Amino acid sequence: FKLTEPGKLLDKTRELVLETFSKSGEEIKDGMDISLCCLNSVTNELKWAGANNPLWLLEKTNLNGTEQTILTELKADKQPIGKYSEESPFKTHTLQLKKKDTIYIFTDGFPDQFGGPKGKKYKYKAFEQFLISICNEPLPIQKQKLEAEFNSWKGALEQVDDVCIIGIKI
């Protein structure tokens, strides 16, 4: 379809999904959440759009001589890819990334996983804090630590959803 803008790609995907659903002859009320980005690796310009799934940007900053990590959330459009009563075009966000920035896009599978000592959800705040705690590590080490944290949290409980986390370090 010669589309490269993430918001327009999500719009087209929704159109195709709805078209496919309509061919079934049944009313299908299913959909999917997605976070989609396009990175220009020469200019470090990032274009991103999300259907219910956000993007997290972790930036290094120097406050009073101390390096700190700041997490900024780009909020997704609150609509799925699929049938939705308040459907609107997906918005494309543009960011200029800098060296040492890290972005994460992810499904809700990790924060929604049940586990821990009380069998509760991991939750987004804990997920955010864990990513901040490991963001200085090389990405392969982050992957190992995320897998270990997830498996430790889940314990013997069943995995409840897909888990996909994509990290890109500039």
Side-chain angles (χ1 to χ4, degrees), residues 1-17 30-61 67-82 84 89-115 121-154 158-170:
F1 299 103
K2 297 184 174 150
L3 299 172
T4 57
E5 186 178 315
K8 298 219 182 296
L9 282 162
L10 294 186
D11 291 335
K12 187 63 174 177
T13 303
R14 174 175 44 208
E15 178 186 317
L16 295 170
V17 165
D30 204 2
M32 66 179 167
D33 299 340
I34 189 170
S35 195
L36 179 68
C37 62
C38 177
L39 175 65
N40 181 323
S41 59
V42 174
T43 66
N44 289 336
E45 180 183 75
L46 180 86
K47 293 187 178 198
W48 168 82
N52 287 325
N53 284 352
L55 176 143
W56 287 353
L57 167 65
L58 276 74
E59 302 173 89
K60 300 290 178 209
T61 184
E67 186 174 82
Q68 295 185 359
T69 302
I70 305 291
L71 185 143
T72 304
E73 178 179 72
L74 273 67
K75 296 200 181 289
D77 290 302
K78 292 293 176 199
Q79 59 183 349
I81 301 291
Y84 187 66
F90 287 97
K91 179 175 178 13
T92 295
H93 302 261
T94 303
L95 290 172
Q96 185 59 53
L97 301 175
K98 304 175 300 301
K99 287 284 181 206
K100 297 187 179 182
D101 285 351
T102 306
I103 61 158
Y104 297 97
I105 55 177
F106 46 88
T107 63
D108 60 359
F110 198 115
D112 283 353
Q113 179 61 47
F114 291 98
K121 284 187 178 184
Y122 191 86
K123 299 204 175 178
Y124 282 92
K125 191 65 179 169
F127 184 49
E128 175 184 316
Q129 292 304 312
F130 188 74
L131 284 178
I132 290 171
S133 77
I134 65 170
C135 73
N136 292 324
E137 302 283 353
L139 290 174
I141 301 297
Q142 288 187 40
K143 179 182 182 223
Q144 291 172 0
K145 289 186 175 188
L146 282 161
E147 287 173 345
E149 177 74 359
F150 182 81
N151 289 326
S152 173
W153 178 261
K154 180 174 71 74
E158 188 174 324
Q159 184 172 328
V160 295
D161 203 354
D162 63 291
V163 175
C164 181
I165 304 164
I166 299 172
I168 300 169
K169 191 178 284 232
I170 303 301

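Not measured: the values here are computed from a predicted model. Along the sequence shown, residues carry numbers from 1.
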Once side chain to side chain donor-acceptor pair (under 3.5 Å) is applied, do any residues pair with [X], and if so which ones, sequence neighbours excluded?
X      : result
Trp153 : none
Lys100 : none
Thr92  : Glu5
Ser133 : none

Going by heavy atoms in the side chains, are [X] and [Y] under 4.5 Å from each other?
X      : Y     : result
Ile70  : Thr72 : yes
Leu57  : Leu71 : no
Ile103 : Leu58 : no

Q: List for me each residue that meets ring pair (Phe, Tyr, Trp, His ring centres under 6.0 Å) alongside Phe90, sequence neighbours excluded, and say none if there are none.
A: none

(Q) If the condition is ring pair (Phe, Tyr, Trp, His ring centres under 6.0 Å), which residues does Phe130 pass it with, not counting sequence neighbours? (A)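 Partners of Phe130 under the ring pair (Phe, Tyr, Trp, His ring centres under 6.0 Å) test: none.
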
Residues which pass salt bridge (charged side-chain N to carboxylate O under 4.0 Å, His left out) with [X], listed by chain and number, not counting sequence neighbours:
X      : result
Lys12  : Glu15
Asp77  : none
Asp101 : Lys98
Lys121 : Asp112

Q: Go through the steps to decide whether Leu95 and Leu74 satisfy the test side chain to side chain contact (heavy atoms under 4.5 Å, CB included), and finish with yes or no.
A: CA-CA 10 Å; Leu95 290 172; Leu74 273 67; 3.9 Å; yes

Q | Derivation of the side chain to side chain contact (heavy atoms under 4.5 Å, CB included) call for Ile81 and Leu10 | A | CA-CA 7 Å; Ile81 301 291; Leu10 294 186; 3.9 Å; yes

Considering only distance and modelled atom types, tabulate donor-acceptor pairs under 3.5 Å from the side chains of residues 158-170, sequence neighbours left out.
unit_1: Gln159; atom_1: NE2; unit_2: Asp161; atom_2: O; d: 2.8
unit_1: Lys169; atom_1: NZ; unit_2: Cys135; atom_2: O; d: 2.7
unit_1: Lys169; atom_1: NZ; unit_2: Glu137; atom_2: O; d: 3.2

Q. Does a donor on one side chain and an acceptor on the other come within less than 3.5 Å for Tyr124 and Glu73?
A. no

Q) Ignoring hydrogens and geometry, is there a side-chain-to-backbone donor-acceptor pair from Thr13 to Leu9 under 3.5 Å? A) yes

(Q) Which heavy atom of Lys78 sits nearest to which heavy atom of Tyr84, and what is that distance? (A) O-OH, 3.2 Å

**Q.** Smallest separation among heavy atoms of Gln96 and Thr43, with atom names
**A.**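 Where Gln96 meets Thr43 most closely, the heavy atoms are NE2-O, 2.6 Å.
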
Sequence neighbours left out, cut at 3.5 Å: what donor-acceptor pairs do the side chains of residues 47-54 make with other protein atoms?
unit_1: Trp48; atom_1: NE1; unit_2: Ser35; atom_2: OG; d: 2.6
unit_1: Asn52; atom_1: OD1; unit_2: Gln79; atom_2: N; d: 3.2
unit_1: Asn52; atom_1: ND2; unit_2: Asp33; atom_2: OD1; d: 2.9
unit_1: Asn53; atom_1: ND2; unit_2: Phe106; atom_2: O; d: 3.3

(Q) Show, in sequence, the C-alpha distance, side-chain angles and deciding distance for Glu59 and Thr69, and conclude whether the side chain to side chain contact (heavy atoms under 4.5 Å, CB included) test is met. (A) CA-CA 6 Å; Glu59 302 173 89; Thr69 302; over 6 Å; no

Q: Give, for atom CD of Gln142 and atom CG of Leu131, the distance between the pair rounded to the nearest 0.5 Å.
A: 7.0 Å

Q. So how far is it from Thr4 OG1 to Asn40 CG, rounded to the nearest 0.5 Å?
A. 11.0 Å

Q. Should the pair Tyr122 and Phe110 be assigned to parallel (<30°), tilted (30 to 60°) or perpendicular (>60°) ring geometry?
A. perpendicular

**Q.** Arg14 vs Asp11, salt bridge (charged side-chain N to carboxylate O under 4.0 Å, His left out): CA-CA, chis, key distance, verdict
**A.** CA-CA 5 Å; Arg14 174 175 44 208; Asp11 291 335; 3.3 Å; yes

Q) Can Glu147 and Lys143 be counted as an ion pair, charged N to O under 4.0 angstrom? A)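 Judged by the 4.0 Å cut-off on N to carboxylate O distance, Glu147 and Lys143 do form a salt bridge.
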
Q | Worked verdict on Ile105 versus Cys37 for side chain to side chain contact (heavy atoms under 4.5 Å, CB included) | A | CA-CA 9 Å; Ile105 55 177; Cys37 62; 4.0 Å; yes

